[in-house]
K.L.:
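Before anything else, here's the structure in question.
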Amino acid sequence: MASYWLLKSEPDEFSIADLEARKTEPWTGVRNYLARNHLRAMAQDDLFFFYHSSCPVPGIAGIGKIAQTAVPDPTQFDPESDYFDAKSSLELPRWSSVLTQFQAAAEPLIPLDLLRTQAEALDSFALLQRGNRLSVLPVTPKQWQHIYNLCNWRTAKLPVKRSKSREIGVQ
DNA sequence: GCCAACGTTGGC
DNA sequence: GCCAACGTTGGC
């Protein structure tokens, strides 16, 4: 039985459009123990809401899936990385990352404002709680279903279609 | 840019 | 093990 999650990212850094373009992307840079433990609890094919934070309109921007379960986050070993952790070691890696895969884009994005109006149906969704800063959150099936029904989901960019009429120079 | 919330660090 | 100081997150 698959579990559901929510992952936050600043779209300036990495957005749902970036994930769609890249197809898959390692989710690195999580440096909070509770968030890390959530990453480690993820199973292959679990689904997550892709949340855009710290931007003009924060909200849920898409859906991804966990393509590969947790491995040591390589950025913790890289002195050049912002996420380098001198206290971590190859023998005892402190931080984990999962491989994420694009599933769908929210059309339109579900703003945090809208989610707040659904607070009752979403019970005590941690995302809506004051002062919440955790970047990896569990989502219950009920919360997932409710949020899922709030917008349409576009699963992939339509292939660029070459119109016949254009090829033969009509209109 | 402000500020509330909260995790982490480090002195004791 | 307490707690003050500090840093970070993220909405507004």
Side-chain angles (χ1 to χ4, degrees), chain A residues 3-22 25-42 46-66 69-100 102-140 142-144 146-151 153:
Chain A
S3 301
Y4 300 108
W5 310 92
L6 180 143
L7 298 179
K8 293 183 190 173
S9 178
E10 300 185 14
D12 283 353
E13 298 294 319
F14 189 73
S15 70
I16 187 70
D18 296 326
L19 183 59
E20 178 167 17
R22 307 264 271 268
E25 182 76 4
W27 202 270
T28 59
V30 170
R31 293 295 181 270
N32 169 287
Y33 286 103
L34 182 52
R36 179 205 69 181
N37 292 345
H38 288 323
L39 287 181
R40 289 182 178 178
M42 291 175 181
D46 279 1
L47 297 174
F48 66 91
F49 287 127
F50 192 122
Y51 182 86
H52 284 178
S53 66
S54 295
C55 55
V57 185
I60 290 174
I63 291 173
K65 92 173 174 186
I66 304 305
T69 53
V71 298
D73 178 346
T75 62
Q76 71 195 304
F77 307 123
D78 176 6
E80 302 295 303
S81 169
D82 287 345
Y83 300 110
F84 177 65
D85 183 350
K87 292 178 186 163
S88 189
S89 66
L90 283 167
E91 297 73 32
L92 261 175
R94 191 177 277 197
W95 306 112
S96 300
S97 75
V98 293
L99 186 66
T100 64
F102 177 82
Q103 290 291 111
E107 297 213 322
L109 171 140
I110 307 169
L112 180 58
D113 282 350
L114 177 61
L115 292 169
R116 290 203 191 284
T117 69
Q118 309 291 306
E120 198 161 340
L122 296 176
D123 294 325
S124 46
F125 192 23
L127 182 74
L128 305 180
Q129 277 157 30
R130 185 182 173 82
N132 153 69
R133 297 184 309 164
L134 202 61
S135 66
V136 182
L137 298 173
V139 175
T140 67
K142 187 184 160 199
Q143 290 163 344
W144 180 272
H146 191 84
I147 295 170
Y148 188 88
N149 290 333
L150 292 178
C151 80
W153 303 94

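All values derive from a computational prediction rather than experimental measurement. Throughout, a chain's letter reflects where its sequence line sits, starting with A, and its residues are numbered from 1.
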K.L.:
At under 4.0 Å between heavy atoms, what does A/Leu112 touch on the DNA or RNA strands: base, sugar-phosphate, or nothing?
P.N.:
sugar-phosphate
K.L.:
For A/Trp95, does its backbone N or O pair with a side-chain atom of A/Gln76 as donor and acceptor, under 3.5 Å?
P.N.:
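Pair found, side chain donor or acceptor close to backbone of A/Trp95.
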K.L.:
State, to the nearest 10°, the angle formed by the axis through the first five base pairs of the helix from B/dG1-C/dC12 to B/dC12-C/dG1 and the axis through its last five.
P.N.:
10°
K.L.:
Could A/Asp85 and A/Arg31 be called an ion pair, given the rule that one side-chain N must be under 4.0 Å from one carboxylate O?
P.N.:
no
K.L.:
Could you tell me which non-hydrogen atom of A/Ser135 sits nearest to which non-hydrogen atom of A/Val30, and how far apart they are?
P.N.:
OG-CG2, 4.3 Å
K.L.:
Tell me whether A/Ser54 contacts the main-chain N or O of A/Glu10 through its side chain, where contact means a donor paired with an acceptor under 3.5 Å.
P.N.:
no
K.L.:
Within the 4.0 Å limit for protein heavy atoms, which parts of nucleotides 4-11 of chain B are touched? Write it as a string from 5' to 3', B for base, S for sugar-phosphate only, - for none.
P.N.:
SBBSS---
K.L.:
Would you say A/Trp144's side chain and A/Val139's backbone share a donor-acceptor pair under 3.5 angstrom?
P.N.:
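Pair absent, no side-chain N/O of A/Trp144 close to backbone of A/Val139.
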K.L.:
Under the side chain to side chain donor-acceptor pair (under 3.5 Å) rule, collect the residues that match up with A/Trp5, sequence neighbours excluded.
P.N.:
A/Asp46
K.L.:
Using modelled atom types only, decide if a donor and an acceptor are shared between the side chain of A/Glu20 and the backbone of A/Phe102 within a distance under 3.5 Å.
P.N.:
no
K.L.:
Return yes if a side-chain donor-acceptor contact under 3.5 Å exists between A/Thr75 and A/Asp78, otherwise no.
P.N.:
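Side-chain D/A pair, A/Thr75 to A/Asp78: absent.
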